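None of the values given here were measured: they were computed from a predicted structure. Along the sequence shown, the residues carry numbers beginning at 1.
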Amino acid sequence: MTNSNDPEILPPELSNAAFLKDLGPDALAQIAVHAEQIEIARGETLIKEGEAAQSLYFAIRGRFVVLAGDTPIAIIRGGEPIGELGFFAGGPRTASVKAVRNSTVLKISKTAFEELGRSVPELTQVILGSLSQRLADATGANLKLRPRPGRTICILPGGGTTLSPVFVAGLRAAFADDPHWRVASAGDCPPEIQADKAKLTRWLEELEHAHRHVILICDDPQRDGAWFEGAADNCDTDYIVGAACADAAGPVGLSEAEEKLFRDTLPGNLHLVLLRDHGSDPIVNSRAWLSDRPVALHHHVALDTEADFARLARFIAGTAVGIVLCGGGAYGTAHLGALRALQDHGYTFDMIGGTSIGAALAAGMALDMSPDRIVDLCDEIFLKSKAMKRLAVPVHSVLDPSRLDAALQTHLGAVQIEDLPLNYFAVATSLTTNDIFVMREGALWQAVRASSALPGVFPPMLTDAGDVLIDGGLIDNVPVNVARELKPGANLVFNLVAAREWRVDATYSDLPGRWTTLWRMIFKPRKRHKRFPKMFSILTRAMIVNSRRLLENTPMGDDILLQLPTLRRMGFLEWGKGRALFNAAYEEMTNALKAAGVPDDPANAEQKLEALRRAAEIVNERSKTPL
């Protein structure tokens, strides 16, 4: 942290700030007179939680993160005040503020602010107005900060290697047609500028001012040390690139460049890219790279697959589109019908996850199975193998899970979540922490099994750490907030709408005794009797009640909610009707997409997304009537 005297002129980043726009030039000049300019290095703490609030700051340039403990809760950019809440309230700092890139601030002490208040009395009201707006923007939002795309991105190799020229060429090609992005490497910057740290910083600032977004390529941090230092210190997000290593005996060690990043950078601003030569090459042993690298996300890129570069570019740009699938038993086949229609119209997605049956279907999609193939597997597991028909001695559960476990292991194999070509998540309920449990690593089949462990019906899944996990629908049946915490960009959020209110023709006096119940289970009489609600249906509907209430109070924002209707007279566990629902949902989604006018040009992502919004509105209106 270094101090310097600034001319009696506010920097453009601050004089053009929205919250100061009503102040005249004389008032702005007075602020400059009373302020002290400070340089803050990347990773350095400007404000520490709990300390006395003796100063007010204004960010001139750079980027800061506000931390409640270790949790990021807000981002502050150039042109915004910092620490105004504690400064005016007079108490200790309520949060820490850390620079996430080399930054500059103006510091005004309490004494200086009192003098400034006499010459610019309206300043206090202006700053309080900015604080009020910031609090209003945060109202109703989660405490946890949603990721945002960086304006300047640093790309560097990991594990002490150099960047693949094929990868660099593919990345450049992915952004070549976007005039808002500039890709630069050490060769684009004159050597005499790189040799002077101050000149390099100014050169990078000018590059950023001339373009909306900048990607800085560091092919070889050892060879181009000054370029790497400048790029790393003046970027928002880092992407570490490594080659997949199927035969690695242990973790891939950190290079010196990586050690600097992990020392100075929040995990939320770090990504890992793992390369393989061909799309047909299997993805294995990603854990060798991930074990010592706490990153926000990791991405798999095949060097011969243009679609992989396009997906990585969307994550870098903050426009990656995710899919969130909800729980709902056999109703989940509606997800697959809608997804097949979307695929037929050229839609691709970048992340997928869900709860309960949604987690299972998402796993199949993440493995690049077709929706038709996944429906076939549902028939095989739930109808042919009767995975939910085998009773257990009711000590740990009502049903024996052996058939379901065997089927999941057969069809999902030994796949690890971190080795999936798509970023994937599954949501369970932890009875250990009494909260949701998000699974993004480990055995895929176990994540699916944990997410769909209906309480009491199937035994819970246990983790190596002793966590007791049951069906995620108990807390979050439509986990849109999980997707939001993982990436910026829109999400397509699937929800299932029951065909009608659940009413039965039975009364409480129709509840059968234990012998009658056993006789009916064994002999399955054809004579119709009044059907008292069964345990499976009660459990699944109870979880969906909670999810609907949560969803009603969750603003969608840029996300797209797709309310899929279900079939008349179809129950939650009637897998025999699953294929009919799949076909009906496919036809419903296809008609909606045609009516919405999906553009033929697959590269027109914004228009395709808007067409999807229109199609969702059509389906949502139609969902009020069962199929």
Can you sort out the partners of Phe262 under ring pair (Phe, Tyr, Trp, His ring centres under 6.0 Å), two or more places apart, ordered by chain and number? none

Test of understanding: with ring pair (Phe, Tyr, Trp, His ring centres under 6.0 Å), list the residues that count as partners of His271, not counting sequence neighbours. Tyr239, His299

Give me the atom names and distance for the closest heavy-atom approach of [X] to [Y].
X: Ala483; Y: Asn491; answer: CB-OD1, 3.7 Å
X: Pro479; Y: Phe425; answer: CG-CE1, 4.0 Å
X: Val105; Y: Ile82; answer: CG1-CD1, 4.2 Å
X: Ala359; Y: Ser451; answer: CB-OG, 3.5 Å
X: Val480; Y: Val324; answer: N-CG1, 3.9 Å

I need the single residue from Leu377, Ile323, Leu336 that forms a side-chain contact (heavy atoms from CB on, under 4.5 Å) with Leu361. Which is it? Leu336

For Arg276, the option from Ile283, Val301, Leu303, Thr305 that meets side-chain contact (heavy atoms from CB on, under 4.5 Å): Ile283

With ring pair (Phe, Tyr, Trp, His ring centres under 6.0 Å) as the test, would you mind laying out the steps for His298 and His300 before giving the verdict? CA-CA 7 Å; His298 70 282; His300 292 285; 5.2 Å; yes

Pair [X] + [Y], salt bridge at N-O below 4.0 Å:
X: Arg101; Y: Asp236; answer: yes
X: Arg146; Y: Glu485; answer: no
X: Glu44; Y: Lys98; answer: no
X: Arg182; Y: Glu208; answer: no

Under 30°, 30 to 60°, or over 60°: which ring-plane class applies to Trp181 and His213, parallel, tilted or perpendicular? parallel

Is the closest side-chain heavy-atom distance between Cys189 and Leu200 below 4.5 Å? yes

